[in-house]
Structures are given as structure tokens and as C-alpha cells.
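Encoded as C-alpha cells, the structure appears first; notes follow it.
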Amino acid sequence: MEKEYNPKEFEEKWYKYWEENKLFKAEDFSKKPKFYILVMFPYPSGSGLHVGHCRNYIPADTYARYKRMQGFNVLHPIGYDAFGLPAENYAIEHGVHPKESTYKNIENFRRQLKMLGLSYDWDREFATSDPEYYKWTEWFFELLFKRGLAYQDRSFQWWCPHCKTVLANEQIIDGKCWRCGTPVVKKELKEWFFRITQYADKLLEGLDRIDWPERIKSMQKNWIGRSEGAEIIFKGIGPDGTEYDLPVFTTRIDTIFGVTFLAIAPEHPLVMKLTREDKVEEVKKYIEEALRKFETERLSTEKEKTGVFTGCFARNPFTNELVPIYVGDYVVYSYGTGAVMGVPAHDERDFQFAKKHNLPIKVVISKDGNPVETLEEAFTEDGILINSNGFSGLKSDEARKQLTKYAEESGFGKGVVRYKIRDWLISRQRYWGAPIPIIHCPEHGAVPVPEEELPVLLPDEVDFTPRDTGESPLANNPDFVNTTCPLCGKPSKRETDTQDGFACSSWYFLRYADPHNDKAPFDKEKIKYWLPVDLYIGGAEHAVMHLLYSRFYTKVMYDAGLIDFDEPFKKLLNQGMILGADHQKMSKSRGNVVNPDDVIKEYGADTLRAYILFIGPLDTDAPWSTEGINGVNRFIKRMWNLFIQLENKSIGKEKPIEKEIELMTDKMIVKITEQVEKFKFNTMISSFMEWLNFLSKIMQEDPEVMETKAFRESVLTFLTMIAPATPFVSEELYHRLGETGSIHTKEWPKPKGIYKEEYVTIIVQVNGKLRDKIEVEAGSELEDVLDLVKKSDKIARLGIDFDKAKYIFVKDKLINIVA
RNA sequence: GCGGGAGUGGCGGAACGGCAGACGCGCUGGAUUCAGGUUCCAGUAGGGCGACCUGUGAGGGUUCAAAUCCCUCCUCCCGCACCA
């Protein structure tokens with residue numbers, strides 16, 4: 001047989017063997033403890049799997065294989081997030097039906113995933129575009145609809161002119177479409193929304209109970225944007241004396257006595273009603289300009305605060321004082337009430353605005369409660385109230401409570417909680433998505449399709465060219481559109497928008513527990529057994545998209561009694577990116593893309609796997625390096641070349657060095673187990689390198705060690721432990737060494753713990769500085785160590801007075817002499 | 001501005017109160033080779049002939065002992081941002 005390392009010879013063979021023997025099958029209701037490890041499923045693009053996927057899937061697979069060896073019943077599934085725009089765009093360009101290209105791409109993905117040796121339970125594979133799956137995506141839409149969480153609304157929405165569809169707020173990154181990067185525009189359309197805002201508090205609260213990266217939690221907190229404050233109704237007085245309610249939202253009601261003006265957003269509906277005749281022209285001009293520069297300049301924080309006086313005043317209900325009303329474009333209409341109270345002394349923006357317009361600055365909070373003469377800048381911290389009538393002397397937080405209470409009792413205000421998060425816009429004007437199962441009846445309005453008629457199938461024969469009109473391609477298929485009302489039978493029209501792809505991916509992790517169920521989205525008992533997901537690995541780019549939506553779906557299902565947990569992913573890890581060799585993000589245009597197929601062709605899958613693990617900590621970005629992968633390939637080859645020499649070798653005579661080998665083996669078992677547990681795969685590979693260097697060295701010193709029991713056992717332990725990382729070469733060598741059965745069904749080695757080191761190296765410090773290292777018997781006490789230290793030349797020449805010195809002693813580790 | 005994270009050799013990175021630079025790359029020298037590649041051996045933070053000294057973004061502190069903990073600051077990355 002071949003003695004050279006030639007991965008092509010055995011990688012495919014072993015994968016087939018594993019599949020045929022169902023090594024990776026997750027068994028429902030097994031007595032073993034369960035472990036559900038999930039990776040974010042891929043969008044099956046035409047360009048196939050890239051190394052970015054590898055950075056996620058290889059460590060996850062290594063951990064899954066490790067858990068199996070630890071005796072867990074592991075659920076490690078894969079599927080495809082198959083609905084989406086690129087398939088449709090490809091179809092338009094090349095005239096291939098999205099269904100055809102999608103399923104062709106999936107085949108390619110499957111081939112690549114297997115080539116990488118990923119240990120998925122293939123019996124649970126599905127794509128979100130399978131009718132058997134999207135039937136239940138539609139069913140969940142109806143669940144939300146029936147629970148009052150899905151509704152239609154006509155309003156201005158973000159529209160991507162390239163993708164020709166509306167998008168949810170979460171899917172706009174820096175004013176651009178998250179998928180294609182085209183700047184989005186506002187378009188008025190009637191769209192479907194999910195009431196995610198109703199779950200804002202629950203989504204916030206749940207974050208405290210899950211083991212997720214702080215970064216992601218903080219992004220979600222930020223996005224939800226909860227702020228507690230009060231709404232106070234000022235009375236705006238029109239030119240003719242008419243009073244209008246002008247509510248303002250503030251988190252600093254404790255500064256209410258410092259209000260010296262009011263500012264309202266240019267879009268505010270009361271603007272013109274609160275403008276005096278002589279100011280109308282000026283105000284109109286200002287509003288026009290403000291609205292024109294709207295989307296771009298108004299986003300800038302640095303911009304000077306501008307505004308114009310409307311000529312009208314408002315009454316502060318706490319003081320009955322009249323303050324001027326300004327229109328200012330720094331007031332955001334969509335947040336709060338679109339009107340703010342101006343407190344120059346205690347808000348930076350108001351301070352700037354007041355300076356510019358010569359408005360009074362009234363100090364009502366000071367650090368210590370003493371009067372303050374002048375302010376150089378706004379004092380924005382909490383403090384003690386002054387000049388605040390009966391509330392003077394109170395601390396800010398206490399004052400907020402009392403003032404809110406006072407406003408509520410007096411009927412001109414109340415405590416409120418505001419959120420930044422908006423409802424989730426889920427309709428998309430595209431063909432390749434899950435249909436929204438709604439029928440529009442002239443009499444009954446939006447009626448859900450009866451459950452027994454689901455799924456509403458996507459028709460194949462459609463001109464799916466998207467339009468600029470905001471109408472879905474499905475609208476042009478009369479056979480699809482025209483139907484009858486399920487309630488009254490009158491001619492009605494089907495909803496033609498499809499659902500956001502994120503709706504499909506918001507529940508897929510549940511379907512893996514019961515992927516072939518045609519009676520329900522899943523069996524409750526199976527969900528109870530498998531869920532929640534114990535470990536979820538995926539990119540941070542989904543922080544406020546997929547990860548927020550999935551949590552929302554889970555909470556809705558929990559409230560509906562379908563599941564008994566309300567957080568889907570117990571632990572989350574974000575893998576870092578693989579950058580190009582130039583430290584730049586990989587992209588076709590930069591020409592720095594690495595293709596896994598090419599890498600496997602050149603080095604084999606195990607080298608790619610080991611390199612991806614070795615490249616750096618799981619959660620940090622790392623540049624691809626051709627020299628780097630060469631180094632790892634050398635390691636795999638060295639491992640092969642050393643271990644293959646044991647082929648057909650039997651156990652010979654005992655050798656004294658065996659004890660040292662056993663000691664090393666035991667040490668490595670402990671070290672590597674800890675590294676896998678902590679997902680430190682980069683140092684795990686280093687440990688294998690150290691171990692190999694050790695075995696290689698003693699073998700060179702005396703080739704006969706190969707015939708010792710300890711050496712052979714060390715090699716087998718090595719192979720067993722590296723098997724999760726490099727499954728093919730481990731399996732091949734295992735069999736070449738005469739072992740039977742798959743290495744992947746073996747138990748993860750446990751340290752024997754019987755060998756203690758007889759001698760240990762003790763660090764000798766003098767005044768905290770390293771001066772010597774000495775060998776002592778393990779377990780030696782201070783006195784014995786000190787005797788040896790005194791004999792050391794390096795220590796003796798320092799002339800230490802040992803009687804006066806103080807000693808810090810850590811057994812078997814260190815002695816520090818403080819002289 | 002707010003929130004999160006990170007600054008360690010020529011490079012990727014270890015160590016996360018107790019030997020700074022594990023492991024790998026690269027580089028230097030040597031062996032093998034007609035040669036290139038491969039493979040193997042030795043060396044590789046800086047300074048000094050040396051014993052030693054200096055070094056983990058900067059400065060201070062806690063400690064017998066700090067890359068690691070605390071404070072002040074600087075730089076970079078990510079997210080949010082006129083949110084009242």
C-alpha cells in the first residue's frame with residue numbers, strides 16, 4: 001500500500017463509509033444527553049461555498065464530533081436559506097428559472113459540504129423554498145395574523161431601486177440596501193408588518209438570560225432603544241388665540257423649569273397653525289429647505305442647529321410661562337412626539353440653539369444645590385434642582401418621579417416609555433419567496449387562506465421581472481391572483497407580495513427537530529427534546545436582523561403555547577472573517593478570493609480544516625496566508641510520515657522512556673480537552689504540533705521506541721483526539737495501524753492521572769525577578785527548596801541575607817525571595 | 001458623542017496575577033541534492049564580549065510578583081448616533 005500521504009486516495013471513501021453507517025444520525029429521544037449545535041444555514045449562491053463558510057462550519061463540525069465522542073446525542077443539521085433575490089436576478093439575466101438554479105446550486109453546496117467532511121445528519125436537510133417547508137412559513141404568518149401581530153399599513157417605506165422591493169428598517173445599513181448596497185429611497189406603499197414593537201420589552205429582558213457576545217447584545221439593546229421618560233402637554237397658542245395640545249417627550253422632566261423655548265420638527269402637522277401671519281413666508285421657506293436636504297444632510301451630527309421663530313408661543317403647564325415656538329430641523333419627527341422642550345442649560349443641542357438665537361438660559365440643576373451664575377456649556381448630568389418652585393432641593397431622579405406624578409395628577413402629562421425599534425415590514429415585491437397566504441375580499445378585507453388549503457404554492461409560470469411600481473411579479477399571473485373569498489365565495493384577489501426571507505429563517509432551527517412532519521410545523525415532544533439550540537455559530541452581521549427576528553418568532557410561539565422556552569439560542573458564537581492575503585475583505589473585484597475547492601484539490605480537506613482551526617481565535621478576523629496553509633500541510637504530512645511507520649509493527653520490548661511518553665500523553669489529554677471546551681481551536685492545533693514534535697524527537701533518538709506499547713498508545717490517542725479536526729487522515733491512519741471500527745465512534749480519551757511527575761521545575765525569583773530555575777522533587781516544601789536554592793551559583797553571587805529575607809512560596813511552581 | 005472590542009517580535013498569534021513571545025510562518029546557517037524544490041538539524045525580541053540590562057500603545061497605581069487587576073490618556077476596529 002501507498003506509504004505517501006495522498007488524501008485523494010481515501011477522503012471520498014471514508015465520507016461514503018460514514019454516511020452509509022449513519023455515523024452522524026441524531027436520534028430522537030435517545031437516552032444519551034442531547035446537544036444541539038447549529039450553524040447559520042447558507043444562502044445557496046451560484047458561486048458556491050467560500051472560505052467564510054468554512055470559518056463557521058469547520059470549527060462547529062469539530063465541536064460536534066467532539067461532543068459525539070463525549071457521549072452526547074448530537075443534532076448537527078444543515079439546510080439552505082434558499083429563497084431570495086439573487087436567484088431571481090440570475091434568472092432574469094440568464095433565463096433560468098429560480099427554482100432550477102436554486103436546486104442546482106444546492107447540489108453543488110451539498111457536494112462541497114461533504115467534501116469538507118462536515119458531519120451533518122443528512123436525513124434532516126431541507127431548503128426554505130421546499131413547499132413542504134414554506135407551507136409552515138405561511139402557517140406562521142397566519143398564526144401571527146390571528147394573534148393580531150400582522151397588519152397592513154400604507155406609509156412611506158424604504159425602497160431599494162435595484163432590488164425593486166421595500167425593506168425593513170433593520171435591513172438598511174447606512175442608508176443602503178443590506179444586500180446590494182444601493183442607496184434606498186422613500187416610497188409610499190401599503191405593506192404588511194409584524195408587530196415586533198409589541199415584544200420590545202420581552203426582547204430586551206431576554207438578553208439578560210442568554211450567553212451571547214456582549215457586542216451582539218448591546219447592538220440589540222441599542223436597536224430596541226428603550227427610553228423612559230414623560231410626555232408633557234404644552235399648550236400652543238395660535239395667532240388667533242386658539243390653543244392646541246402640543247405634547248413633548250422628555251427623559252429629563254427634572255429640567256422642566258428650565259424650558260425657555262419649544263422646537264418642533266418641520267414635518268409637524270401643527271406647524272402652520274402655530275405660525276403668525278408675518279412669519280408664514282419665512283417658516284414655509286425654512287420647511288421647504290429642511291425637507292429637501294432631508295435624508296442626507298439631516299443625518300449629520302456635526303451640523304449647526306438651525307431653526308426659525310414661528311411668532312407663536314406655548315404655555316409650560318408647570319409654570320404657565322409662555323415660551324417661543326421654533327421650527328428646527330434637528331428635531332426628528334419620527335421619534336417621540338416630533339416636538340421637544342428646549343432646556344439650554346441642561347442639553348447640549350438646546351444650548352447651541354439658544355446661543356444662536358439669543359434665547360435665555362435658565363439654570364435649574366446644579367451639582368450641589370447651590371445657585372450657579374453662568375454656564376460655559378450645558379450641564380447635562382443629574383444633580384439637585386434649583387429655581388424649581390416646590391421641587392427645588394430634590395435630586396434629579398427623585399424629582400423625575402415626583403414631577404411625573406404631579407403631571408399625571410394635574411392631567412397634563414404622563415410617564416411613558418419610548419422605543420426606537422419599528423415594526424418589521426415583511427412584504428417584498430419579488431417572486432422568489434414564500435407567498436403571503438392572504439385573500440383580499442371586497443367585503444371581508446384581508447382573509448387568511450384556510451389552513452387545509454396551505455401551502456399557497458408559488459406558480460412556476462411567471463414573468464418574474466421586477467417592476468418599479470411597487471407591484472410584485474405575481475400580480476401579473478391572473479391564475480394566481482383571481483380566487484374566491486374563503487368566507488363568502490365572492491371573487492377576490494390573492495395577496496401578491498411574498499414574505500421577507502428573514503421570515504423563513506426565523507423558525508428553521510425548530511424544523512430540524514422534526515423536518516418531515518406534514519401535519520404540523522413540528523412535533524411538540526421532539527421540540528421539547530431537542531430545543532433550545534445549545535450552541536449557535538454564525539456571523540455578527542445578523543445581529544439585528546436574523547437574530548432579532550428569530551427571538552421574536554420564538555417569543556410569539558411561546559405565547560401561543562407551541563413551545564416551552566422563549567429564547568431560541570442559549571449560547572452564541574460569532575466567527576471572525578477570513579480576509580484576503582492583503583488583509584482586505586475578500587471580493588471578486590479585489591481578486592483575493594480563495595476557493596475551498598482549489599485548496600482541497602491541492603492539499604486535501606484535512607489540511608484546509610486544520611488550517612482554518614489554526615488561523616486564529618474563532619471570533620477574530622484573520623488573513624488567509626499561503627505560507628500559513630503550507631505550514632499546516634507540512635504538519636499533516638509529518639504526522640502521516642511518522643505514524644505510518646507503525647503500520648505492521650508489533651509491540652517489542654519495554655523501554656524506560658515509556659513513562660515519559662505516558663506522562664506526555666496524559667498531559668496532552670488534559671490540555672487539549674480544555675482547549676476544545678473553550679473553543680480555542682488555534683491553540684489546540686498548536687498542542688498537537690507540540691505533541692508530534694515530542695514523538696518525532698524521541699523516535700529519532702531511538703527508532704525502537706516505535707515498538708513500545710506507550711508509543712503506540714500515544715499515537716492512537718493522538719489520532720483519536722485529532723479526529724474531530726482532521727477526520728479523514730485520522731480514520732485512514734487508524735485503520736492502517738490495524739484498528740477496526742470507525743475512529744469517530746471511539747470514546748474521547750480520559751487522562752489516567754496515575755502518573756505524577758517526580759521532578760518539577762521551580763522558578764526562583766529574587767525580589768520578583770527571575771534568577772534561576774531548579775529541579776526539585778514534586779511536592780517539596782519551602783525548607784527543602786530553600787536548601788537547593790542556597791546551593792545555586794546564580795543565587796549565591798547575589799549575596800542575599802537568607803535569615804532576614806521573606807519568602808513567597810507556591811508549591812511545585814515558584815519561590816520568590818524578598819530581600 | 002454613546003456602547004462594544006482590541007493594541008505583545010519581521011508576520012499570524014501564545015500566555016490572561018507567578019519562566020513574556022508557545023505553535024506556525026518568514027529569515028539565517030548547516031546536512032541531503034548536479035541544481036531548484038522537498039526533507040532534516042541548529043539559530044532567530046532588542047542591547048552588551050560577558051555576568052547582566054531593557055522590553056507587551058503611553059503614563060501612574062495596587063501587589064512579594066502585572067502583558068494580565070485599578071486609574072488617566074492615546075491609537076485602531078465594529079455598532080449606534082441631532083433619539084430629546
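Predicted, not measured: the structure shown is a model, and the values here were computed from it. In what follows, chains are A, B, ... by sequence order, proteins preceding strands, each numbered from 1. Values below: every heavy atom of this structure, side chains too, minus hydrogens, waters and symmetry copies.
- Phosphate contact (OP1/OP2 of B:rC19, side-chain N/O of A:R771, threshold under 4.0 Å): absent.
- If you take CZ of A:F261 and C1' of B:rA84, they are 11 Å apart, rounded to a whole angstrom.
- Here A:N682 reaches the OP1 or OP2 of B:rA14: one of its side-chain N or O atoms lies under 4.0 Å away.
- When distances are taken from the side chain of A:T251 to each of B:rC78, B:rC25, B:rA84, the shortest belongs to B:rA84.
- A:M689 has its CE atom 10 Å from the C1' atom of B:rC25, to the nearest Å.
- Below 30°, between 30° and 60°, or above 60°: for A:F261 and A:F353 the angle between ring planes is below 30°, a parallel geometry.
- At the phosphate of B:rA81, OP1 or OP2 sits under 4.0 Å from a side-chain N or O atom of A:K420.
- Phosphate contact (OP1/OP2 of B:rG79, side-chain N/O of A:S218, threshold under 4.0 Å): absent.
- Nucleic acid contact for A:Q700: sugar-phosphate only, since backbone atoms but no base atoms lie under 4.0 Å from a heavy atom of the residue.
- Distance from the side chain of A:T683 is smallest for B:rA15 among the nucleotides B:rG18, B:rA15, B:rG79.
- Of the candidate nucleotides B:rC82, B:rG18, B:rC40, B:rG18 has the atom nearest to the side chain of A:I808.
- At a cut-off of 3.5 angstrom, the base of B:rG3 holds no donor-acceptor pair with the side chain of A:E214.
- Between A:R634 and B:rG26 there is a side-chain polar atom (N or O) within less than 4.0 angstrom of OP1 or OP2.
- Within 4.0 Å of A:P213, counting heavy atoms only, lies no atom of the nucleic acid at all.
- Contacts of A:I615 with the nucleic acid, taken as non-hydrogen atoms under 4.0 Å apart, involve only primed sugar atoms and P, OP1 or OP2.
- Remark: A:K769 is in phosphate contact with B:rU54, judged by side-chain N or O atoms under 4.0 Å from OP1 or OP2.
- Using the six-membered ring where Trp is involved, A:F502 and A:W178 have ring planes that are tilted, between 30° and 60° apart.
- Within residues 335-347 of chain A, the residues that have a heavy atom under 4.0 Å from RNA chain B are, in order of number, A:Y335, A:V340.
- Side-chain nitrogen and oxygen atoms of A:K680 include at least one within less than 4.0 Å of the OP1 or OP2 phosphate oxygen of B:rA15.
- A syn base is found at B:rG9: its glycosidic angle is within 90° of 0.
- Counting atom types as modelled, A:K773 pairs a side-chain N or O with a base atom of B:rC19 as donor and acceptor under 3.5 Å.
- For A:R349 and A:Y330, the positive end is not near the middle of the six-membered ring at less than 6.0 Å and at most 45° from its axis.
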